[in-house]
**Q** 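Here's a structure for you.
In listed order, ligands and their atoms are each counted from 1.
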Amino acid sequence: MANRLRARVAELCQVPVEGTLVGNGSDELLTMAVRTFAEAGDIIVSPEPTYTLYKTLCEIQGARYAPVPYRDDYSLNAALIPARTRLVFVANPNSPSGTLVPEETLARVAAAISGVLVVDEAYVDFARKNCSGLLKERKNVVILRTLSKSFSLAGLRVGYALADKNIIDEFSKVKDSYNVSRMAIAGGLAALEDVAWMRENARKIIATRKRLTARLEALGFFVFPSEANFVLARIVSYPASQIYLHLKKRRILVRYYDTPRLQNCLRISVGTDEEIEKLLVQIAEIIGSKGSMGRGIGAGKTGGTR
Ligand SMILES: Cc1ncc(COP(=O)(O)O)c(C=O)c1O
């Protein structure tokens with residue numbers, strides 16, 4: 001039955017059905033990538049900071065995780081990635097920065113390594129571009145997508161992979177026989193029949209993201225250019241950890257990462273316009289800013305959704 005879902009994915013992405021696979025969320029497909037391509041001692045690389053599951057999966061497999069740092073502006077220096085890397089994971093757009101690595105840079109990475117490049121496009125529907133063009137040029141690229149973000153169906157657990165048939169065949173060898181339930185397949189098919197809904201959902205989130213970014217900047221934050229459904233905002237005039245704790249007390253949850261690189265940062269999900277307005281009012285109060293509260297973010301015509 002998953003073949004119907006694969007066929008729909010193939011049709012939407014304009015790839016052969018043999019070049020598709022569905023998973024129990026894209027997390028399962030990430031696991032399959034590690035189990036398929038990495039043995040104990042192999043090198044797995046990802047630019048950091050990024051989605052922490054890559055490191056965890058690598059450690060479980062007994063492979064060697066060798067992160068390379070993103071530059072300060074989250075551009076990727078492809079030359080840092082060693083040629084004999086077995087597997088490279090790039091979240092694109094990246095989490096937690098929301099930034100996008102250009103396809104040309106990823107093409108350079110794929111050409112330079114002996115192993116496989118996995119481009120994790122979990123947030124791609126909020127971005128200007130995707131990297132599916134890489135699949136035509138290179139046989140060592142896997143693109144992963146999910147219904148968890150732009151389709152707002154995280155609990156359904158449906159993700160899919162696009163890759164050369166040979167890679168998909170290898171993934172299939174390590175996959176559980178019935179990895180995606182009938183319910184998930186039915187829900188996934190229904191969702192992929194209504195791509196227009198997803199695009200409208202993404203459009204609203206992008207519009208709210210733009211307003212959130214401008215308002216945070218007015219409050220003194222530096223906001224990394226986001227192509228995702230969240231923003232990473234850096235503040236130097238007030239400890240980000242304190243803002244996080246104060247917001248939590250007021251029942252507003254944002255992400256704070258207690259790591260050297262992200263010390264001054266908060267990752268803020270783009271909620272509805274009303275939620276974002278509440279958040280901004282609270283932040284202004286916490287940091288005691290007179291930052292322009294101007295015309296309310298909720299005053300716009302469209303409401304953002306999750
Ligand atoms: C970069 C990235 N990839 C993959 C996932 C997992 O998504 P899924 O729900 O499809 O397993 C997440 C979830 O937060 C993510 O941030």
Side-chain angles (χ1 to χ4, degrees), residues 2 5-6 9 12-13 20-35 44-58 60 65 67 70 74 76 87-101 106 116-127 129-132 141-163 171 175-176 179-181 183-185 187-189 191-192 198 201-202 205 209 224 226-232 253-257 259 262 265-271 306:
L5 187 51
R6 290 177 71 194
V9 165
L12 273 179
C13 302
T20 67
L21 192 67
V22 292
N24 183 24
S26 49
D27 277 356
E28 191 204 12
L29 296 158
L30 289 166
T31 307
M32 282 186 213
V34 173
R35 290 180 63 198
I44 298 183
V45 170
S46 50
E48 281 202 342
T50 192
Y51 188 39
T52 50
L53 185 69
Y54 307 144
K55 180 177 183 218
T56 306
L57 292 175
C58 174
I60 292 169
Y65 186 64
Y70 273 115
Y74 282 89
L76 173 61
L87 208 44
V88 178
F89 288 110
V90 180
N92 207 38
N94 186 40
S95 174
S97 61
T99 48
L100 198 70
V101 173
L106 293 178
V116 170
L117 168 65
V118 177
V119 185
D120 178 351
E121 292 195 334
Y123 298 99
V124 80
D125 294 321
F126 307 104
K129 285 187 177 169
N130 67 52
C131 286
S132 56
V141 171
V142 179
I143 301 235
L144 299 184
R145 301 215 180 120
T146 177
L147 304 196
S148 294
K149 315 295 179 187
S150 57
F151 285 90
S152 304
L153 289 172
L156 191 67
R157 310 306 303 140
V158 177
Y160 60 88
L162 310 174
F171 272 29
K175 140 181 133 43
D176 283 349
N179 64 325
V180 184
S181 73
M183 292 287 278
I185 291 168
L189 270 171
L192 293 181
M198 179 277 283
N201 193 32
I205 290 170
R209 181 182 75 200
F224 290 89
S226 173
E227 307 248 2
N229 60 348
F230 53 81
V231 298
L232 186 70
L253 295 179
V254 298
R255 289 289 296 271
Y256 170 70
Y257 305 83
T259 62
L262 296 168
C265 297
L266 296 173
R267 195 194 100 153
I268 303 172
S269 293
V270 179
R306 299 302 295 274

**Q** Can you say whether the rings of Tyr54 and Phe89 are parallel (under 30°), tilted (30 to 60°) or perpendicular (over 60°)?
**A**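 If you compare the ring of Tyr54 with that of Phe89, the planes turn out parallel.
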**Q** What protein heavy atom sits nearest atom 16 (O) of ligand 1, and how far off is it?
**A**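 Nearest neighbour among protein heavy atoms for atom 16 (O) of ligand 1, to 0.1 Å: Tyr123 OH, 2.8 Å.
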**Q** At what distance is the nearest protein heavy atom to atom 3 (N) of ligand 1, and which residue and atom is it?
**A**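 Going by distance alone, atom 3 (N) of ligand 1 is nearest to Asp120 OD2, 2.6 Å.
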**Q** Give me the atom names and distance for the closest heavy-atom approach of Gly159 to Leu29.
**A**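 Smallest heavy-atom distance, with atoms named: C-CD1, 3.6 Å.
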**Q** Suppose we measure from atom 6 (C) of ligand 1 to each protein heavy atom; which comes out shortest, and what is that distance?
**A**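 For atom 6 (C) of ligand 1, the nearest protein heavy atom comes out as Asp27 OD1, 3.0 Å.
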**Q** Tell me, which protein residue and heavy-atom name are nearest atom 7 (O) of ligand 1, and how many Å apart are they?
**A**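 Result for atom 7 (O) of ligand 1: Ser26 OG, 3.2 Å.
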**Q** Please round to the nearest 0.5 Å and tell me the distance separating atom OG1 of Thr146 and atom OH of Tyr123.
**A**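 Spacing of OG1 (Thr146) from OH (Tyr123) equals 9.0 Å.
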**Q** Suppose we measure from atom 13 (C) of ligand 1 to each protein heavy atom; which comes out shortest, and what is that distance?
**A**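 It is Lys149 NZ, 2.9 Å.
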**Q** For atom 9 (O) of ligand 1, tell me which residue out of Ser148, Ser95, Ala91 has the closest non-hydrogen atom.
**A**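 Shortest heavy-atom distance from atom 9 (O) of ligand 1: Ser148.
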**Q** Do Asp125 and Lys149 come close enough that some side-chain heavy atom pair is under 4.5 Å?
**A**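 When only atoms from C-beta onward are counted, Lys149 and Asp125 do not touch, as no gap falls below 4.5 Å.
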**Q** What I want to know is whether Asn24 and ligand 1 share at least one N or O pair that is separated by under 3.5 angstrom.
**A**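 Between Asn24 and ligand 1, no N or O pair is found under 3.5 Å apart.
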**Q** Ser181 vs Arg157, test: side chain to side chain donor-acceptor pair (under 3.5 Å). Steps then yes/no.
**A** CA-CA 9 Å; Ser181 73; Arg157 310 306 303 140; over 6 Å; no
**Q** Give me the nearest non-hydrogen protein atom to atom 11 (O) of ligand 1 as residue plus atom name, then the distance to 0.1 Å.
**A**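 Protein heavy atom with the smallest distance to atom 11 (O) of ligand 1: Arg157 NH2, 2.7 Å.
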